[in-house]
There are 2 protein chains.
Amino acid sequence: MKQDIRLSEVARAARVSIATVSNVINDKGRVSTATERRVRRAIEQLGYAPNLLARILKTNQSRLIGLVIPTARPGRLQDNPFYWDLLAGIEEGARDRDFHIILAGIEEGDETFAFVKERQLDGLIYVGASEEGGAVERVLELGVPCVFVDSYLRDARLYQVCLDDRLGGLLATQHLLELGHRRIAVLPGDIAPERLHRNGVLQERWSGYRLALEEAGVGYDPRLFMRYPTSMEGGLQAAAWLREAGDVTAVFSFSDISAMGIVKGLRQEGLGVPADISVIGFDDLCLSGYMSPALTTVSQNIVQKGLAAIRLLVDQIEQEAGFSRKVVLPVELKVRETTGTPA
Amino acid sequence: MKQDIRLSEVARAARVSIATVSNVINDKGRVSTATERRVRRAIEQLGYAPNLLARILKTNQSRLIGLVIPTARPGRLQDNPFYWDLLAGIEEGARDRDFHIILAGIEEGDETFAFVKERQLDGLIYVGASEEGGAVERVLELGVPCVFVDSYLRDARLYQVCLDDRLGGLLATQHLLELGHRRIAVLPGDIAPERLHRNGVLQERWSGYRLALEEAGVGYDPRLFMRYPTSMEGGLQAAAWLREAGDVTAVFSFSDISAMGIVKGLRQEGLGVPADISVIGFDDLCLSGYMSPALTTVSQNIVQKGLAAIRLLVDQIEQEAGFSRKVVLPVELKVRETTGTPA
DNA sequence: TTGAAAGCGGTACCAC
DNA sequence: GTGGTACCGCTTTCAA
């Protein structure tokens with residue numbers, strides 16, 4: 001659709017030059033009150049809306065932020081309602097600061113990020129980036145402000161938003177220990193123990209788990225390390241394994257979604273939660289508190305996460321150097337119904 | 001960030017005019033194979049990416065679609081994971097057709113939709129529009145292709161994607177009737193019976209409910225009409241009411257999210273599901289099948305919904321007039337664990 | 001205070 | 001086939 005009304009027509013209607021109209025629109029000041037009023041009325045009457053594209057072409061500021069989300073990674077987006085909350089926070093924050101969000105689902109392997117230059121994006125929020133595959137390097141090469149959310153990046157120069165994951169791991173494990181559990185299985189996700197250190201988030205939660213164990217003088221048993229995908233399905237598989245294990249009385253899942261699967265699976269196998277096995281998750285999805293039984297979990301404010309990401313990004317874009325490149329959000333233990341004293 | 005490499009530099013490197021480079025880029029044909037190769041190599045070597053904004057300014061085609069989502073309406077977005085699935089479908093469809101999605105959370109009351117003209121959007125997908133407040137009229141005035149998803153619009157000229165809601169209502173109710181239930185409560189949402197006709201989706205599901213009752217020769221009792229918000233919280237309230245009602249043996253909730261709340265609430269009140277009361281929902285969220293007990297529901301393919309919306313929109317944008325303005329997606333009854341024979 | 005005019009980076013028409 | 005050039009709609013010097 002073509003521009004129906006443009007600057008020149010407003011100018012004609014107000015009997016001034018286009019430069020003056022432009023000055024009025026951008027509040028440049030140097031316009032007499034009388035003319036300004038004339039111009040504003042003309043704008044009003046004609047229902048003029050400026051063409052941002054033309055403006056961007058000139059100013060190189062698109063006020064457009066790309067939200068980069070790897071798709072088709074099993075156990076991530078499609079399966080995890082977590083992302084909806086995050087998105088809500090990001091959109092809201094962007095709107096408040098007069099930015100728009102452009103959605104970019106990508107295949108991490110072969111994405112060139114051409115759209116960033118093509119559409120002159122002001123910045124990027126990259127959710128769940130991984131260090132592998134080189135996608136992150138390619139993004140950085142673009143030279144565009146970028147914030148990584150829930151990514152597993154060890155480079156301290158990058159802007160990141162994450163949680164106090166270690167504390168979360170600690171709190172969850174301590175809670176189970178205090179209840180009297182000693183055989184506490186752990187489900188980080190679909191990852192081998194020796195690769196845990198490459199994944200910041202999981203590594204931290206893991207450290208918290210180990211730390212709590214140590215403080216309590218409980219030895220760590222590597223056989224209690226489970227490896228299943230971060231999804232409802234993965235939780236189901238973990239439940240089957242738990243049943244075989246026999247002596248495990250509690251599980252710490254690093255995500256609510258798989259914790260839900262575990263609870264579901266355990267019950268299907270005829271085991272009681274928390275009667276036979278206690279389950280604790282991580283995330284506190286909007287649904288977690290409403291399950292039956294309600295899930296005990298480590299809570300994070302996901303909407304806050306989105307807001308923080310936007311803030312960090314906009315500060316970069318507008319050169320307002322923030323103090324820190326990494327925002328660490330707090331966690332909170334929410335004790336509900338899936339944990340109890342061991343049988 | 002300023003354009004690092006532009007057409008003119010590619011032209012210089014390839015020793016041709018910018019017009020020729022443009023012709024190569026846009027596959028206009030009229031270029032000799034030799035020059036084309038030279039140009040392509042220059043593009044490659046310089047890492048040139050065209051500036052879409054400049055192109056759009058000239059061609060008026062932004063290949064950008066606005067996804068309009070009313071925010072802050074309780075019981076909608078924030079609370080309902082449903083939208084995440086929808087979004088995934090829309091983004092995927094858009095990507096396949098080389099469009100990008102720009103997210104626009106709006107307050108339905110006072111949104112002017114200025115961003116549509118400002119950013120020269122090619123089209124709009126409006127999720128959950130309501131006939132009230134005049135937002136729809138304002139959108140239509142823009143003269144931009146538009147598709148309404150899950151909106152309650154009676155104007156047959158509008159492009160819409162929805163479900164076979166009536167069939168869904170019919171199937172759900174028939175299922176309960178066949179199990180032997182006679183006192184079947186219904187929870188459409190936070191809406192009065194006399195206003196139901198203004199809301200296409202709910203009205204249709206309602207018709208299905210009434211129809212099934214009629215076919216089975218079961219009289220309709222208006223006291224079984226519940227009115228609570230479409231959210232987990234609303235379901236909880238409904239559960240409290242059900243307990244008071246006493247003789248109700250089954251409930252049909254028009255959304256999974258409130259059905260989950262009902263199940264949760266009922267159990268808290270000490271009632272068994274489905275032992276005392278059967279519950280059936282509508283949506284089939286990704287989590288619904290994994291709850292304990294798993295929710296019986298009317299299933300819709302939400303991702304398909306997103307894809308259909310994009311198709312309908314792109315057909316409009318590219319003038320490929322489709323047959324029909326309204327796409328009605330199928331529903332399917334998924335019998336799981338929350339329904340059974342009455343006590 | 002106001003206006004004329006030179007771009008921003010492309011597209012497309014029209015000569016050659 | 002190829003190149004010159006007039007726009008697209010706005011911002012921004014620089015003069016008047």
Side-chain angles (χ1 to χ4, degrees), chain A residues 1-40 42-43 46-64 114-122, chain B residues 1-40 42-43 46-64 114-122:
Chain A
M1 150 194 130
K2 213 180 175 71
Q3 188 85 0
D4 28 26
I5 293 153
R6 51 187 166 296
L7 212 51
S8 63
E9 312 190 18
V10 176
R12 181 140 35 88
R15 317 181 119 269
V16 293
S17 76
I18 61 168
T20 301
V21 179
S22 175
N23 281 331
V24 169
I25 289 173
N26 296 299
D27 285 321
K28 293 287 181 186
R30 47 190 167 196
V31 184
S32 75
T33 348
T35 15
E36 168 157 1
R37 200 162 32 226
R38 271 218 317 289
V39 172
R40 290 225 183 274
I43 290 177
L46 296 172
Y48 168 73
N51 183 330
L52 283 194
L53 301 183
R55 176 181 297 170
I56 297 165
L57 191 56
K58 188 72 183 167
T59 62
N60 293 311
Q61 303 201 355
S62 62
R63 300 206 80 78
L64 208 49
F115 62 92
V116 176
K117 294 171 73 179
E118 290 174 352
R119 299 222 186 248
Q120 305 270 91
L121 302 190
D122 281 347
Chain B
M1 157 190 124
K2 211 179 175 77
Q3 189 85 359
D4 27 27
I5 293 153
R6 48 188 171 295
L7 212 50
S8 62
E9 314 191 15
V10 175
R12 182 139 36 88
R15 319 180 119 270
V16 293
S17 75
I18 60 168
T20 301
V21 179
S22 175
N23 281 330
V24 169
I25 289 173
N26 296 300
D27 284 320
K28 293 288 182 187
R30 45 190 166 189
V31 184
S32 75
T33 349
T35 21
E36 169 157 3
R37 201 162 32 226
R38 272 218 317 290
V39 172
R40 291 221 183 275
I43 291 176
L46 296 171
Y48 167 74
N51 182 329
L52 283 193
L53 301 182
R55 177 182 296 169
I56 296 166
L57 191 57
K58 185 70 181 174
T59 62
N60 293 311
Q61 302 201 357
S62 62
R63 300 205 81 77
L64 207 49
F115 62 90
V116 176
K117 294 170 75 178
E118 290 175 351
R119 298 220 186 249
Q120 305 270 90
L121 303 191
D122 280 347

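Residue numbers begin at 1 in each chain, while the letters A, B, ... track the order of the sequences. Every heavy atom of this structure was used, including side-chain atoms; hydrogens, water molecules and symmetry mates were not.
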> Can you check the A/Ile56 CD1 to D/dC10 C1' distance for me, whole Å?
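So the two atoms are 11 Å apart, to the nearest Å.
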
> Let's see if you can work this out: which of D/dT2, C/dT1, C/dG3 has an atom nearest to the side-chain heavy atoms of A/Val16?
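Given the options D/dT2, C/dT1, C/dG3, the side chain of A/Val16 is closest to C/dG3.
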
> Charged N to carboxylate O under 4.0 angstrom, A/Arg40 versus A/Asp27?
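Counted as a salt bridge, because a side-chain N and a carboxylate O are separated by less than 4.0 Å.
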
> Whole-Å distance between C/dT2 P and A/Arg12 CZ?
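After rounding, the reported distance stands at 19 Å.
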
> Between D/dC10 atom C1' and A/Leu57 atom CG, what is the distance in whole Å?
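Taking atom C1' of D/dC10 as the reference, CG of A/Leu57 is at 9 Å.
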
> Can you find a side chain N or O atom of B/Ser32 that sits less than 4.0 Å from OP1 or OP2 on D/dG1?
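Negative; the distance criterion is not met.
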
> Using 0.5 Å steps for rounding, measure from the OG atom of B/Ser62 to the CZ atom of B/Arg55.
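Between B/Ser62 OG and B/Arg55 CZ, I get 12.5 Å after rounding to 0.5 Å.
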
> Starting from C1' on C/dT1, measure out to CD on A/Glu36 and report it in whole angstrom.
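So the CD-C1' distance, A/Glu36 to C/dT1, works out to 12 Å.
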
> Looking at D/dT2, I'd like to know if its phosphate oxygens (OP1 or OP2) sit under 4.0 Å from a side-chain N or O belonging to B/Ser17.
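The answer is no; no side-chain N or O of B/Ser17 sits under 4.0 Å from OP1 or OP2.
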
> Whole-Å distance between D/dG9 C1' and B/Arg119 CZ?
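So the two atoms are 16 Å apart, to the nearest Å.
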
> To the nearest Å, give me how far apart CZ (A/Arg38) and C1' (C/dT1) are.
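After rounding, the reported distance stands at 12 Å.
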
> Just how far is it from atom CZ of B/Arg37 to atom OG1 of B/Thr35, taken to the nearest 0.5 Å?
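It is 9.0 Å, given to the nearest 0.5 Å.
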
> Taking 4.0 angstrom as the limit, do A/Arg12 and A/Glu9 come out as a salt bridge?
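No.
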
> Look only at the side chain of A/Ser22 and the backbone of A/Ile18, and say whether a donor-acceptor pair between them is shorter than 3.5 Å.
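Pair absent, no side-chain N/O of A/Ser22 close to backbone of A/Ile18.
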
> Give the B/S/- string for nucleotides 10-16 of chain C, one per nucleotide from 5' to 3', where a protein heavy atom under 4.0 Å of the base yields B, of only the sugar-phosphate yields S, and otherwise -.
BBB----

> Among B/Val10, B/Val24, B/Val21, find the residue that satisfies the side chain to side chain contact (heavy atoms under 4.5 Å, CB included) test when tested with B/Val16.
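So, applying the side chain to side chain contact (heavy atoms under 4.5 Å, CB included) to B/Val16 and each of B/Val10, B/Val24, B/Val21, only B/Val21 qualifies.
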
